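What you see is a predicted model, and the numbers here were worked out from it, not measured in a lab. All values below come from the heavy atoms of this structure, side chains included, with hydrogens, waters and symmetry mates left out.
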Amino acid sequence: MDDPSTQDLSRLTAVQLRDALAAGELSAREAAAHFLSVIEQRNQHLGAFVTVTAGQAFLDAKAADALHARLAREGRLEELPLLHGLPTAFKDLTDVAGVPTTHGSAALEHKPAPEDGALAATLKRQGVISLGKTQVPEFGLTAYSENRVAPPSRNPHAPGRSSGGSSGGSAAAVAAGLVPFAPGTDGGGSIRIPAGACGLLGLKPGRGLVPAGAGAGDAAKLVVAGPLARNASDAALLMDALVPREQAPDGGFLANVGRAPGSLRIGISLDSPWAGIYPFEIEREARDALDQGVKLLEEAGHSVGEAEIRYDNRYPEAFTAAWTAGVGSARIAPQREPLLTPLTRTFRRRAQQRSASKVSEALGFLRQFEHDTIAQYAEWDLILMPTLAQTPRPIGWFTGGGHSGEPWPSEWAGDADEDYKRQCQYAPWSSMVNVCGLPAITIPVHTTTTGLPMGIQLIGPAGSELKLLQLARSLEASATPV
């Protein structure tokens with residue numbers, strides 16, 4: 001590798017940056033300074049970051065450099081944290097000590113968090129330098145990252161379009177080179193949707209593998225933390241930091257990601273548990289991505305066929321009850337409720353009117369749905385579909401309103417039910433994976449004639465995270481670059 005100090009660090013992979021930092025070829029302060037400079041230049045046009053914490057980042061980088069110097073003198077550089085000095089960012093649903101967590105909501109008081117949340121604490125122990133907090137939808141509820149707190153997160157490939165949600169700001173930051181990689185959290189597609197929109201690899205690990213990322217208000221156990229990255233190796237590196245050693249593959253994810261996963265039986269399914277209530281069209285660009293994915297998979301020696309998957313039509317009501325239960329119990333002062341977006345206000349009111357027995361009934365149904373769906377998937381090694389049914393949507397498209405880039409006005413155009421319907425039609429293959437607790441990965445494989453990235457999603461059985469990363473790695477060389 002060339003001297004890192006003489007090249008654009010944004011072009012290096014996270015693994016290359018990690019190696020340069022560990023070898024002392026690059027200091028943590030140099031890395032932080034570079035990426036903060038990129039953020040300063042580009043964020044005003046992207047809206048990826050809500051808060052930039054340059055001062056704290058330089059303090060943390062200085063401490064990281066001092067640690068490297070001490071361990072080098074003592075001949076113990078092997079004791080450096082795994083992600084020593086690597087810059088990253090946390091979505092604005094994750095507490096970072098001393099930084100306000102807005103949850104994307106103007107209805108909350110934005111006080112500095114007293115301590116790191118579990119996800120930030122885990123990755124800081126592994127050596128990352130946080131550069132700030134990234135844009136999210138209000139309470140992480142939507143497939144787009146637009147709110148009343150700050151300008152919307154825009155797609156680096158087409159700034160008039162959304163970067164997705166709820167990890168939309170983090171995905172935009174990675175895709176635009178503002179950070180080398182970032183953790184996301186996924187409760188209904190919140191890693192995979194923005195990864196698909198921004199041309200990234202996004203991995204949703206299976207339930208229970210990553211201790212950090214789950215929320216106390218998540219009764220359905222939908223939410224899990226995982227990587228947003230530009231390639232499979234970078235995602236594997238972040239997985240090595242997120243997953244406890246006793247639950248990781250022998251040697252770790254990165255050490256094994258280059259191995260071929262073996263020949264797999266892969267079933268294509270375009271059905272969706274939302275299709276009964278929200279019929280949807282699959283755009284030509286999404287089908288083109290699926291066709292390209294099938295071609296790449298078959299060329300890699302895998303067998304691809306049609307999978308007959310059927311979903312219970314009671315799913316939409318049950319999932320929505322579980323998904324919105326948390327916002328119903330959120331502590332919001334009555335006088336500040338008018339500051340909520342129409343979608344949040346509508347679903348909060350409905351959640352508060354829903355009885356505890358109805359929520360319990362919904363959770364019971366989802367557990368049965370999980371059992372039935374996993375049994376159908378088990379006939380195949382992996383299940384395949386496009387990541388998204390449509391190309392990345394224009395800013396303001398879900399809400400029915402335009403958006404100039406300023407924070408949303410007090411009277412926000414749009415209807416909550418139409419908004420929700422559009423989201424389910426845009427990403428019809430996301431939330432059921434969270435209900436089932438399974439691993440899933442989105443891989444960019446296609447670029448449209450207008451330069452928009454499109455990807456495929458692969459769903460695997462419990463414990464298949466490494467296999468999904470290996471498969472993504474094997475496709476990278478032949479996939480259309482984004």
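- The minimum heavy-atom distance between K133 and T101, with the atom names listed, is NZ-OG1, 3.4 Å.
- Nearest heavy-atom pair, I282 versus A286, reported as atom, atom and distance to 0.1 Å: CG2-CB, 3.8 Å.
- Separating the CG atom in L21 from the CD1 atom in I129 is a distance of 9.0 Å, to the nearest 0.5 Å.
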I would like to know whether T344 and E138 meet side-chain hydrogen bond (donor to acceptor under 3.5 Å, both in side chains); could you show each step before the answer?
CA-CA 7 Å; T344 304; E138 189 166 51; 2.6 Å; yes
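- Atom CD of E281 sits in a sparse spot, with 12 or fewer heavy atoms from other residues, nucleotides or ligands closer than 6.0 Å.
- Using a 4.0 Å cut-off between a side-chain N of Lys or Arg and a carboxylate O of Asp or Glu, E115 and K124 do not qualify as a salt bridge.
- Remark: E317 CD is loosely packed, at most 12 non-hydrogen atoms of other residues, nucleotides or ligands lying under 6.0 Å away.
- Closest non-hydrogen pair, A318 versus A362, comes out as O-CB, 3.8 Å.
- A donor-acceptor contact shorter than 3.5 Å links the side chain of Q352 to the backbone of G328.
- Looking at heavy atoms from C-beta onward, L222 lies in side-chain contact with V435 at the 4.5 angstrom threshold.
- A pairwise comparison of heavy atoms in L26 and A31 identifies CD2-CB, 4.1 Å as the closest pair.
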List the steps and the verdict of side chain to side chain contact (heavy atoms under 4.5 Å, CB included) for R29 and K62.
CA-CA 6 Å; R29 279 174 288 190; K62 181 179 178 181; 4.0 Å; yes
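- A salt bridge links R207 with E370: the closest approach of a Lys/Arg side-chain nitrogen to an acidic carboxylate oxygen falls below 4.0 angstrom.
- Counted within 6.0 Å of CD on E40, heavy atoms from surrounding residues, nucleotides or ligands total 12 or fewer; the atom is thus considered open.
- The line from OG of S163 to OH of Y144 is 12.5 Å long, rounded to the nearest 0.5 Å.
- Two residues are said to be in side-chain contact when any heavy atoms from C-beta on lie closer than 4.5 Å; Q56 and V96 fail this criterion.
- The only option from T387, D186, T442 that meets the side-chain hydrogen bond (donor to acceptor under 3.5 Å, both in side chains) definition with R192 turns out to be D186.
- Counting heavy atoms from C-beta on, the side chains of I395 and R161 never come closer than 4.5 Å.
- Between the side chain of Q135 and the backbone N or O of P151 there is at least one donor-acceptor pair closer than 3.5 Å.
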Please determine whether side chain to side chain contact (heavy atoms under 4.5 Å, CB included) holds for the pair L82 and R18, giving the CA-CA distance in whole Å, both sets of side-chain angles, and the decisive distance to 0.1 Å.
CA-CA 8 Å; L82 177 66; R18 189 279 310 263; 3.8 Å; yes
Step by step, work out the side chain to side chain contact (heavy atoms under 4.5 Å, CB included) result for I332 and L339.
CA-CA 10 Å; I332 299 170; L339 298 175; over 6 Å; no
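- Between the E476 side chain and the N231 main chain, no donor and acceptor come within less than 3.5 Å of each other.
- When side chains are defined from C-beta on, P152 does not count as touching S162, because their heavy atoms never get closer than 4.5 Å.
- Put simply, NE2 on H34 and CG on D8 are 4.5 Å apart, with the number rounded to the nearest 0.5 Å.
- Checked by atom type, the side-chain pair K91/S170 shows no donor-acceptor distance below 3.5 Å.
- Two residues are said to be in side-chain contact when any heavy atoms from C-beta on lie closer than 4.5 Å; Y426 and F398 meet this criterion.
- Side-chain N or O atoms of D240 include one that pairs as donor or acceptor with a backbone N or O of F253 at under 3.5 Å.
- Judged as a ring-ring contact (aromatic ring centres under 6.0 Å, His included), the pairs with a partner in residues 318-349 (not counting sequence neighbours) are, in order, W274-F319, Y315-F319, F319-W323, F347-Y420.
- With rounding to the nearest 0.5 Å, the separation of CD in E25 from CG in L17 is 11.0 Å.
- The closest donor-acceptor contact from the side chain of R354 to the backbone of V359 lies at 3.5 Å or more, if one exists at all.
- Contact record, P81 with Q126: CB-O, 3.2 Å, taken as the closest heavy-atom pair.
- For the side-chain hydrogen bond (donor to acceptor under 3.5 Å, both in side chains) with S190, the qualifying choice from S145, S430, S166 is S166, the only one to do so.
- Proximity of a side-chain donor or acceptor of N155 to a complementary backbone N or O of A197 within less than 3.5 Å is detected.
- In this structure, L238 CG and F181 CZ are separated by 5.0 Å, a value rounded to the nearest 0.5 Å.
- No donor-acceptor distance shorter than 3.5 angstrom exists from the side chain of N147 to the backbone of S105, with no hydrogens or angles considered.
- Formation of a donor-acceptor pair under 3.5 Å by the S360 side chain with backbone atoms of A356 is not found in this model.
- Using modelled atom types, no side-chain atom of D95 and backbone atom of D116 make a donor-acceptor pair closer than 3.5 Å.
- When all heavy atoms are compared, the tightest approach of I191 to L228 is O-CD2, 3.6 Å.
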Does the side chain to side chain contact (heavy atoms under 4.5 Å, CB included) test come out yes or no for T13 and R230, once each step is laid out?
CA-CA 8 Å; T13 67; R230 295 197 294 262; 5.9 Å; no
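- Ion pairing of D417 with R350 is present here, as a side-chain N (NZ or NE/NH1/NH2) and a carboxylate O approach within less than 4.0 Å.
- The structure places CE of M385 at 5.5 Å from CD of Q457, a figure rounded to the nearest 0.5 Å.
- A heavy-atom distance below 4.5 Å is found between the side chains of P156 and L46.
- Side chains of Q41 and S37: a donor-acceptor N/O pair is present below 3.5 angstrom, by distance only.
- The backbone N or O of E285 sits nowhere less than 3.5 Å from a side-chain atom of T448 that would complete a donor-acceptor pair.
- When side chains are defined from C-beta on, L123 counts as touching F90, because their heavy atoms get closer than 4.5 Å.
- Between R393 and T391, the side chains place a donor N or O and an acceptor N or O closer than 3.5 Å (distance only, hydrogens not considered).
- The side-chain heavy atoms of P183 and V128, taken from C-beta on, include no pair separated by under 4.5 Å.
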